[in-house]
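Keep in mind that what you see is a predicted model, and the values were worked out from it rather than measured. Labels below follow one simple rule: chain letters A, B, ... track the order of the sequence lines, proteins then strands, and each chain is numbered from 1.
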Amino acid sequence: MAVRLLSKIRLVPELRGATYSSSAAPAQLSDFDAQHKTPVIRKQKLIPVAQYGGRHAVTMLPGGGIGPEVMGYVRDIFKYIGAPVDFEVVDIDPTVDNDEDVQYAITTIKRNGVGLKGNIETKSEAAYVTSRNVALRNELDMYAYVLNCKSFPGIPTRHKDIDVVIIRQNTEGEYAMLEHESVYGVIESMKVVTATNSERVCRFAFEFAKRNGRKKVTTVHKANIMKLSDGLFLETSRRIARDEYPEIEHNDMIIDNCCMQLVAKPHQFDVMLMTNLYGSIVSNVVCGLLGGAGLLSGRNYGDHYAVFEPGTRNTGTAIAGKNIANPIAMINASVDMLEHLGHHYHADLIRRAVAKTINVDRVLTPDVGGTASSTDVVTNIMENMGNMARENDDAAVVFGKSFIPYC
Amino acid sequence: MAARIIRKIVPAGRAGAAQYSTGVRKVTLIPGHGIGPEITVAVQKIFEAAKVPIEWDEVDVTAVRGPDGKFGIPQKAIDSVNANKIGLKGPLMTPVGKGYRSLNLALRKEFDLYANVRPCKSLEGIKTLYDNVDVVTIRENTEGEYSGIEHEIVDGVVQSIKLITEEASKRVAEFAFQFAQDNKRKKVTAVHKANIMRMSDGLFLRCCRDLATKYPGVTFEERYLDTVCLNMVQDPSKFDVLVMPNLYGDIMSDMCSGLIGGLGLTPSGNIGKNGALFESVHGTAPDIAGKDMANPTALLLSAIMMLRHLQLNDHADMIQNACYQTLREGKSLTGDLGGTGKCSEYTNAIISKLN
């Protein structure tokens with residue numbers, strides 16, 4: 001009892017010191033001015049980050065398609081091992097045109113600092129409605145997207161032992177969503193590339209490479225045709241490579257050549273750095289090489305917030321509700337989230353269990369060549385987790401109870 | 001007056017096409033740089049052996065400084081292609097640096113070539129990780145992301161404009177469906193990113209949808225670019241004909257050619273309003289230029305495409321069979337395909353199989 005009292009005192013937030021998400025708050029600008037006069041500044045509002053009793057609160061955005069069901073599996077797994085994470089679920093209604101749901105979701109992510117998200121559908125095809133996923137990323141200024149692509153030995157693929165990290169600029173580039181119809185039948189779509197954003201993501205990439213022991217960074221671009229925009233991105237990456245990270249090898253490749261090399265010889269790549277659209281293409285190509293959209297998870301990083309999601313951002317509407325969706329992507333995303341929050345024990349446990357399910361037990365869903373259903377895969381993972389935890393004879397993991405004294 | 005009546009009874013042949021009374025077609029030949037001259041000679045030899053009724057009109061497109069100070073294609077080349085309407089081009093090298101527009105782009109703009117067709121078919125004898133690939137990528141060639149309209153609005157903020165017009169989208173969509181129909185293809189897939197670029201890709205998609213109704217024999221589907229990329233590397237047999245705007249087309253066509261063995265084996269044709277230009281899309285390979293080591297397969301396959309365009313299908317089939325047979329045998333393959341043969345040996349092997 002004394003232990004319990006002591007642990008409770010240690011974890012009271014006031015004693016820890018509440019942290020506020022620090023971000024620049026410029027002078028009050030109307031939305032029109034913010035867009036037209038200062039295209040680079042984003043309005044950020046100060047909200048304190050929530051931390052209650054050692055447990056983290058995480059926003060959960062199930063999204064559409066297979067989102068709700070795989071989120072359910074993630075919750076089941078977390079409950080099974082007692083991971084100290086509370087989910088705050090925000091459902092976004094795809095049929096409604098207004099932005100209220102999205103704004104509320106953004107507010108919760110600002111409050112919690114971390115989010116776990118499926119792919120949000122934007123049913124409306126009208127030109128003035130921005131894609132909800134894009135709106136979320138831009139508002140939270142999550143400028144870097146990291147996709148860690150490592151081959152699974154248990155999945156039959158044409159290429160083996162691929163280990164590539166894709167770092168993609170997440171907020172601007174071709175996804176600026178600034179389009180207009182000058183005259184009937186003539187449409188212009190702007191691709192915006194700024195020096196500040198390019199620099200931030202390039203520096204992020206090199207720092208990532210340095211901290212994770214990666215040897216080479218490849219910038220993927222099309223600067224022979226788009227000389228100013230991709231040229232700016234390329235020059236920025238070259239400058240940062242030369243001036244700040246001379247120990248990391250840097251080269252560049254044109255996107256079409258890169259795609260050709262990826263399907264023939266993917267082992268020449270280590271860390272790949274690129275703008276938004278090329279990132280989408282390359283990440284889908286690499287996910288395809290590794291066995292499909294259901295396996296990898298991606299991380300959106302900003303200066304203050306992080307959101308984790310399945311790597312290829314698919315809604316999977318065609319397979320929703322049929323119990324054949326691959327839950328691995330979302331489970332991997334939740335593992336990334338636990339790592340980010342510092343709950344390494346639980347993250348490691350789930351990761352090892354998933355690895356055993358895929359590589360040893362070979363319980364796989366149809367999209368990667370197996371015959372199991374989603375629930376079979378999840379049951380197998382939970383079984384593995386149980387066995388592994390019991391092997392370690394771990395008193396820290398109390399099954400069925402949701403409070404863990406966390407130091 | 002008698003002349004006018006006779007002209008009406010006797011058809012004049014394709015308008016503007018230079019034709020001799022013997023039925024020989026005149027074709028502009030652009031050898032290009034690097035290995036260009038060698039491979040064009042190889043193709044010419046094969047065509048001569050196959051007795052193809054074509055006369056070559058060789059021109060040089062090395063950039064010359066025009067009266068406005070900018071480098072451009074010499075007038076002689078422009079006149080030649082305008083007269084002949086059909087061209088075969090080897091690899092061109094664009095000098096790096098400001099002031100030189102990409103020569104490839106200049107040719108495209110000059111001759112209003114609006115659709116780029118790249119059939120990617122697995123070749124027997126060339127083993128890649130992907131079998132039975134049979135995809136045709138049709139790419140809009142004039143606008144889109146490659147319109148070259150870029151500017152720096154303020155210091156550190158660059159804007160590049162992607163232009164999509166209804167006219168160009170309709171043209172390329174029409175060509176795609178017509179191509180599918182003519183070549184007995186079953187499905188046309190429009191590749192887009194209309195969830196993000198709603199207005200621009202939305203317009204492209206609408207044009208494709210409208211034209212799909214006019215070709216009921218061909219199935220039409222629309223897919224997001226990322227889904228196509230994902231599925232293409234897993235199972236290329238899901239796709240048949242792909243039609244898309246400029247940038248996506250560039251990337252997808254190169255990726256598809258990577259699936260069958262690279263740019264050294266992929267033919268390519270550019271179709272325009274008043275003519276067509278067929279080319280090899282690989283580089284100039286200056287390191288092996290002049291050493292009789294080059295692989296003429298890409299240019300040969302493009303030339304075969306040209307023959308089909310000219311409706312000389314018998315000759316096309318004959319040369320194509322000879323080429324496939326040589327590749328299947330694998331005896332005189334050039335260095336890039338893993339063999340040790342010389343370019344001339346390879347050419348002679350193909351000629352020996354023509355019958």
Can you name the nearest heavy-atom pair linking [X] to [Y], along with the distance?
X         : Y         : value
Met260(A) : Ser257(B) : SD-OG, 3.6 Å
Asn195(B) : Met177(A) : O-CE, 4.3 Å
Cys229(B) : Ile281(A) : SG-CG2, 3.7 Å

Measuring heavy-atom distances to chain B, does [X] have an atom under 4.5 Å in its side chain, in its backbone, in both, or in neither?
X         : result
Ile254(A) : neither
Glu174(A) : both
Val134(A) : side chain
Leu228(A) : both

Handout entry: Under 4.5 Å from any heavy atom of chain A - which part of Asp226(B)
Key =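 For Asp226(B), backbone and side chain are both near chain A.
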Practice task
Counting only heavy atoms closer than 4.5 Å, note whether Ser160(B) contacts chain A via side chain, backbone, both or neither.
Solution key: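 Contact with chain A: backbone and side chain both.
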Quick check: are there more than 12 heavy atoms from other residues, nucleotides or ligands sitting under 6.0 Å from [atom1] of [X]?
X         : atom1 : value
Lys150(A) : NZ    : no
Asp155(B) : CG    : no
Lys238(B) : NZ    : yes

Taking the side chain as every heavy atom from C-beta outward, state whether [X] and [Y] have any pair of such atoms under 4.5 Å apart.
X         : Y         : answer
Glu179(A) : Lys162(B) : no
Leu277(A) : Tyr248(B) : yes
Cys287(A) : Leu230(B) : yes
Asn257(A) : Asp254(B) : no

Please check this pair: side chain of [X] against backbone of [Y], looking for a donor-acceptor N/O pair closer than 3.5 Å.
X         : Y         : result
Gln159(B) : Met190(A) : no
Glu181(A) : Met199(B) : no
Arg158(A) : Val233(B) : yes

Handout entry: Spacing of Ile187(A) atom CD1 and Ile161(B) atom CD1 [to the nearest 0.5 Å]
Key = 13.0 Å
Pick from [options] with the largest number of heavy-atom pairs that fall under 4.5 Å of chain A:
options                                    : answer
Glu152(B), Met252(B), Glu167(B), Lys193(B) : Lys193(B)
Tyr146(B), Tyr224(B), Tyr130(B)            : Tyr130(B)
Ile196(B), Leu263(B), Ile251(B), Thr165(B) : Ile196(B)
Met232(B), Glu150(B), Glu145(B)            : Glu150(B)
Gln234(B), His151(B), Lys170(B), Met255(B) : Gln234(B)

Exercise for the section: Could you tell me whether Lys222(A) and Asp250(B) make a salt bridge, using a distance below 4.0 angstrom between a side-chain N and a carboxylate O? Expected result: yes
Problem - For chain B, the option from Asn224(A), Val285(A), Val192(A), Leu289(A) that forms the most heavy-atom pairs under 4.5 Å - result: Val285(A)
Completion exercise
Counting heavy-atom pairs under 4.5 angstrom with chain B, the leader among Gly288(A), Ala195(A), Ser189(A) is Ser189(A)
